[in-house]
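See structure below.
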Amino acid sequence: MCGIFGYYNYRVPRELREILHILFTGLKRLEYRGYDSAGLCVDAIDANPPTSRRSSLSGDGLANANSNGSSAFEEQALQQPNGNSNGTVDEGSSPIIVKAPGKIENLEKLTKDYMQQHAMDLDKVYKHHVAISHTRWATHGQPSATNSHPHVSDPSADFVVVHNGIITNYKALKDILIKNGETFVSETDTEVIPKLLKFAYDGMTAEQEAAAIGTPNVPFPKLVMEVMKKLEGAYALLIKSRHYPGEMLACKRGSPMIVGIKEGSKEGLSRATSISRLTDQYNETHWTGALEAWVASDASAVIEHTKRVIVLEDNDVLHIVGGGYGIYNTRQADVEEAVSRKLQVLQVEVDQVMKGGYEHYMQKEIHEQPEALLQTMRGRVAVEKTSEGNPYHQQRVKLGGLVETRDIIRRSRRIMFVACGTSYHAALAARQTVEELVEVPVVLELASDLLDRCCPIFRDDTCVYISQSGETADTLRALEYAKARGALCVGITNTVGSAISRATHCGIHQNAGYEIGVASTKAYTSQVGAATCAVVSHPWC
């Protein structure tokens, strides 16, 4: 799996050294997802204020600020002694893009070497800055600096993109872009996205100029929405552009993405106001407050900075500009009207995502299994026997998440566990206990296989969806499939606010804590425990 991490600061002064440290730390928090290369993109100068930026024809206030007369984009390959490239630096006035295969430490070294060679001042303070970074797990093209993210639209780096997921129709899009004169340098599916953004931007601005409606003005979210219409597959994108300096854009469909928000600053500035309509993005009211934002594919990269997060939903477009942010959804009737998303407070401590003295995360999580099971049962299982009456005739397990649907569950004629990978094996381990206690047929379905077979599902079925992350793509699609057929959908997840926990009718949170090791340990045992608690609780028996 790939990892995305972005950092945005407005009227919160940060040294370049601090910004790079935040990026590298965020990427290291995502290492557990697996990767073979990494890259980042930072700006060389502060973004212009909004008034001066939007008064120009193109809005390229940042991109055109090249004081040394060099081209806006050059490529330098640093060579290993054996002559093989170990990374690339795409340099110019702004942005600066550094990419390297291998570990994040390689990226750190390459970045440090570049800063030293070009005498860049790491103590320079940025009051307004957008930085994005990425860890890549190769799916299209071998691990290399060229195939690593971020990817750019053209030699001027008009649009810079990092991407999680797979664009299934990238070959068709690539053919169209090549016919229109675009050239590709990588083997990835991701490269079509920045080139499509530039193609759409040029087309939309040309239409406005031809219509003689005044200065061309293509809102950043509107541009991305147009591109999303052309993309097929599952993806999460983080985008910055020279045409929109100082602005950050994130969108998702099928891949997880969260944004951590911190408003206000040491300067005592007032709290930022969220943008309610797309047309309000450049109102002065959104440029008076201070704002920091961290966008990531996992909360583990955010919690050391803030616990206040927003979980983006499918087809959401997040636009961060100045001291405000707006979230739009392409499925809304009025796409220019911002949608409301709940600001959640993560109940996670930083030490939960640290190794805590163990050599490996997996070793730590093996030892955490007893505590994880206790957390799954805490507040749900009455351990002490009552002094009155027969204790075996009294309910000792109560799951609040299933109370409202108890009557529907009782009438079920079949229980169907649906999951993938380790979660499927957890369901397999719990099946015998479930069958013995509820005395109704219990079946197991691999989510992808269920969809391929178009498995019959009926209104009197209870479908239980198990997923540690709550974002498993095949499990989510199987959930939508069952909901469309009227079945009751129950979720068992370890992530509060995840897509599965939002989409199911009812469910159980495992409360097992973060699991970073790739091989599942405590999440697996707590899934078995949660399924067992479900069947011995009152709604099932």
Side-chain angles (χ1 to χ4, degrees), residues 369-370 372-373 375-377 380-381 395-399 401-402 405-470 472 474-479 481-483 485-495 498 500-501 503-512 515 519-541:
Q369 287 180 102
L373 281 170
Q375 291 296 336
T376 300
M377 295 186 290
R380 297 165 170 172
V381 179
Q395 180 183 350
R396 296 177 63 185
V397 179
K398 184 175 181 179
L399 301 175
L402 302 180
T405 54
R406 67 176 67 185
D407 293 334
I408 301 173
I409 295 173
R410 281 172 174 168
R411 294 194 296 268
S412 297
R413 299 181 63 183
R414 180 176 63 163
I415 297 169
M416 178 183 292
F417 283 103
V418 184
C420 295
T422 299
S423 298
Y424 177 84
H425 287 278
L428 187 64
R431 176 173 62 177
Q432 183 175 349
T433 304
V434 175
E435 280 185 325
E436 288 178 358
L437 293 176
V438 303
E439 296 181 341
V440 298
V442 177
V443 297
L444 266 65
E445 290 286 350
L446 199 60
S448 57
D449 186 52
L450 180 147
L451 292 165
D452 290 341
R453 293 180 4 249
C454 296
C455 176
I457 294 179
F458 307 101
R459 294 176 62 86
D460 53 3
D461 286 338
T462 292
C463 298
V464 183
Y465 295 87
I466 306 179
S467 170
Q468 191 278 138
S469 66
T472 310
D474 285 337
T475 308
L476 269 169
R477 289 174 55 216
L479 169 57
Y481 176 84
K483 284 183 74 175
R485 283 152 181 78
L488 177 70
C489 297
V490 181
I492 298 179
T493 77
N494 194 34
T495 308
S498 62
I500 288 178
S501 66
T504 46
H505 299 107
C506 57
I508 308 166
H509 286 298
Q510 297 170 224
N511 301 326
E515 184 175 72
S520 183
T521 52
K522 64 179 183 179
Y524 168 82
T525 50
S526 69
Q527 284 171 346
V528 176
T532 304
C533 285
V535 300
V536 299
S537 65
H538 182 66
W540 296 84
C541 299

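What's counted below: heavy atoms across the whole structure, side chains too, no hydrogens, waters or symmetry copies.
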Donor-acceptor pair between Thr462 and Ser412 side chains, under 3.5 angstrom: yes

Which heavy atom in Arg414 sits nearest to a heavy atom in Pro456, and how many Å separate them? NH2-O, 3.1 Å

Checking side chain to side chain contact (heavy atoms under 4.5 Å, CB included) for the pair Val490/Thr504: CA distance, chi angles, key distance, verdict? CA-CA 6 Å; Val490 181; Thr504 46; 6.0 Å; no

From Ile466 CD1 over to His425 NE2, what is the distance, rounded to the nearest 0.5 angstrom? 12.0 Å

Quick one: which of Asp474, Asp449, Leu450 gives a side chain to side chain contact (heavy atoms under 4.5 Å, CB included) with Val418? Leu450

How far does CG of Leu488 sit from NZ of Lys483, to the nearest 0.5 angstrom? 10.5 Å

Within 45 degrees of the ring normal and closer than 6.0 Å to the centroid, is that where the cationic atom of Arg477 sits relative to Tyr481? no

Between Ile409 and Arg406, does the side chain to side chain contact (heavy atoms under 4.5 Å, CB included) criterion hold? Intermediate values first, please. CA-CA 5 Å; Ile409 295 173; Arg406 67 176 67 185; 5.7 Å; no

Straight-line distance of Ile457 CD1 to Cys463 SG, nearest 0.5 Å: 4.5 Å

Would you indicate whether Arg459, at its atom CZ, is surrounded by more than 12 heavy atoms from other residues, nucleotides or ligands within a distance under 6.0 Å? no

Minimal heavy-atom distance between Tyr524 and Ser520, with the atoms involved, is N-OG, 3.3 Å

List the steps and the verdict of side chain to side chain contact (heavy atoms under 4.5 Å, CB included) for Arg380 and Cys533. CA-CA 8 Å; Arg380 297 165 170 172; Cys533 285; 5.9 Å; no

Donor-acceptor check, side chain of Ser467 to backbone of Ala419, threshold 3.5 angstrom: yes or no? no

Say whether, by atom type as modelled, one donor and one acceptor occur between the side chain of Gln527 and the main chain of Ile492 under 3.5 angstrom. no

Shortest non-hydrogen pair, Leu373 vs Thr525, comes out as CD2-O, 3.4 Å

Using the side chain to side chain contact (heavy atoms under 4.5 Å, CB included) rule, take Thr493 and Gln468 through it: C-alpha gap first, then chi angles, then the decisive distance, then the call. CA-CA 5 Å; Thr493 77; Gln468 191 278 138; over 6 Å; no

State whether the side chain of Gln510 and the backbone N or O of Ala523 hold a donor-acceptor pair below 3.5 Å, judged by distance alone. yes

Here the gap from Tyr465 atom OH to Ile500 atom CD1, rounded to the nearest 0.5 Å, amounts to 9.0 Å

Output the distance between atom CZ (Arg411) and atom OG1 (Thr405), rounded to the nearest 0.5 Å. 10.5 Å

Nearest heavy-atom pair of Thr475 and Cys420: which atoms, and what distance? OG1-SG, 3.6 Å

Please check: side-chain N/O of Asp461 versus main-chain N/O of Ala487, any donor-acceptor pairing under 3.5 Å? no

Heavy atoms only: give me the nearest Ser469-Ser498 pair and the separation to one decimal. O-CB, 3.4 Å

Quick one: does Glu515's side chain have a donor or acceptor within less than 3.5 Å of a partner on Thr521's backbone? yes

Where Val442 and Val438 come nearest, the two heavy atoms and their spacing: CG2-CG2, 4.5 Å

Working to the nearest 0.5 angstrom, can you tell me the gap between Thr495 OG1 and Asn511 CG? 10.5 Å

